[in-house]
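Read the numbers this way: they start at 1 and go in the same order the structure lists the ligands and their atoms. In this chain, residues are counted from 1 in sequence order.
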Amino acid sequence: MKNDKKGFVTRSLHTPYPKQDAYNALHMPVYDGVAYEFDSAETIEEVFAGKQVAHAYSRTSNPTVEYFEHKMKSVTGAHAVVALSSGMAAISNVLIGLVENGGNIVASNHLFGHSYALLKQTLPSLGIEVRFADMTDEKVVADATDEKTRVYFFETITNPQLEIVDIEKISQLAIQNNVVVVVDSTITPPYVFESKRFGVDIEVMSTTKFISGGAAAFGGVVIDNGTFDWSKLPALKEWSAKFGQNALVARIRKEIFRHLGGTMTAHTAHYMNMGLDIMALRVNKCVENCRALAEYFESHSKIKSYRYPGSDTHEGYDLAVKQFEGKPGAVMTFDLESQEACFQFYNRLQLIRRATNLNDNKTLAIHPASTIYAEFTDEEKREMGIRSTMIRLSVGIEDSEDIIADFNQALDF
Ligand SMILES: *Cc1c(COP(=O)(O)O)cnc(C)c1O
């Protein structure tokens, strides 16, 4: 992509180590230890005073985790990256870091369930107001905005509705109102989505999904594009005076994640380092499989409708081409004639797994209405576009003929 001459995979594979490895290991080793020693009182004093940069204790920083952060920086061209223990740790740390008690967040009404709960329950209990809005309509967002609005928060593609926000429109509104644009891009990782080009200030991502390499480990990242002037944000004014453009990452590292303890482990970082190298290959295969499935869905009489933003029948197709290079992730939904038919299909699956995750290497299916959204009322489900006739698929990297063969036998009832 455009932020460096070399391609995504090349940059991931060849990101230099922050420091030469003592044994010239070709893969970054897993630095499993907790503490690091110093050769003198003066050195350790300087490190603690922040005058010299060194690892001291792995909850705050670790060489294997640091290398993952460097790789993410190198593939995204971001100003700074912080890795954390999960996607939720990344989201919560960023929002707590950006919004002061009394400030508000305008957030999408269609969010990943635990993000929604964080915004609905936890953040209000800390004195942060949250206003839920339809982020696909910038007039609604403008109406919800006031002088205490600090953040617009939404997902690049909502799940399972598969709606796409016109990010440039929201970021223009954000500039007018001095609001930080924070986007959860888990479904559209950096290989297909260059967030800075569309005016995103902060990208958060669950690296558990595409990046870990097949749902191998939990992780999250905060990506700071370096585009927001932190001196203009109440929560970071003081941090900005001391750390300038690094105000947010400094506050996260030195205060929030250090105190809340959402650290990525070295073993996890190792999975992320390996997973990131081959992520683009996996994304390409997933997208290819989604296209093959879309074609199959078109022709099967039992499939009443389907949604995939990479199909030109989707209302957001043009945005998907513009924002995600026509590779809008690997989540699809389709509808059968009844919930009963969905259950029948589901119980007959032999290859596709009955599981709730996204972007495993294996294809996964779930019936959202009876599982993830079981606790919601019918009215709430309607508002969220959760139909009892709908199945969500997270398409994996199997050979597409095998996925389609499983569909063929599972739909044969
Ligand atoms: C999975 C997911 C999260 C949460 O990530 P964890 O790593 O499970 O904490 C957040 N947002 C989206 C869009 C997700 O799919």
Close-contact set for ligand 1 against Asp184 heavy atoms, below 4.0 Å: 10 (C), 11 (N), 12 (C), 13 (C)
For Thr186, the ligand 1 atoms whose distance to one of its heavy atoms is below 4.0 Å: 11 (N), 12 (C), 13 (C), 14 (C), 15 (O)
Parallel, tilted or perpendicular: ring planes of Phe198 versus Phe193, cut at 30 and 60 degrees: parallel
Polar side chain donor-acceptor pair, Ser58 to Tyr36, under 3.5 angstrom: yes
Between Glu203 and Ser195, a side-chain donor and acceptor under 3.5 Å: yes
Sub-4.0 Å heavy-atom contact, Gly219 with ligand 1: yes
Looking only at protein heavy atoms, which one is nearest to [atom], and how far off is it?
{"atom": "atom 8 (O) of ligand 1", "value": "Phe218 CE2, 3.6 Å"}
{"atom": "atom 9 (O) of ligand 1", "value": "Met88 N, 2.9 Å"}
{"atom": "atom 4 (C) of ligand 1", "value": "Phe112 CE2, 3.4 Å"}

Euclidean distance, Phe68 CZ relative to Thr207 OG1, rounded to 0.5 Å: 4.5 Å
Pairs of nitrogen or oxygen atoms closer than 3.5 Å, one from [X] and one from ligand 1: do any exist?
{"X": "Glu155", "answer": "no"}
{"X": "Gly87", "answer": "yes"}
{"X": "Thr208", "answer": "yes"}
{"X": "Ser115", "answer": "no"}

Under a 4.0 Å threshold between the charged nitrogen and the carboxylate oxygen, would [Y] count as salt-bridged to [X]?
{"X": "Asp412", "Y": "Arg348", "answer": "no"}
{"X": "Lys148", "Y": "Glu129", "answer": "no"}
{"X": "Arg382", "Y": "Glu379", "answer": "yes"}

His367 and its ring pair (Phe, Tyr, Trp, His ring centres under 6.0 Å) partner, picked from Tyr346, Phe334, Phe343: Phe343
Lys209, portion touching ligand 1 at heavy-atom distance under 4.0 Å: side chain
Region of Leu358 engaging ligand 1 - heavy atom pairs below 4.0 Å: side chain
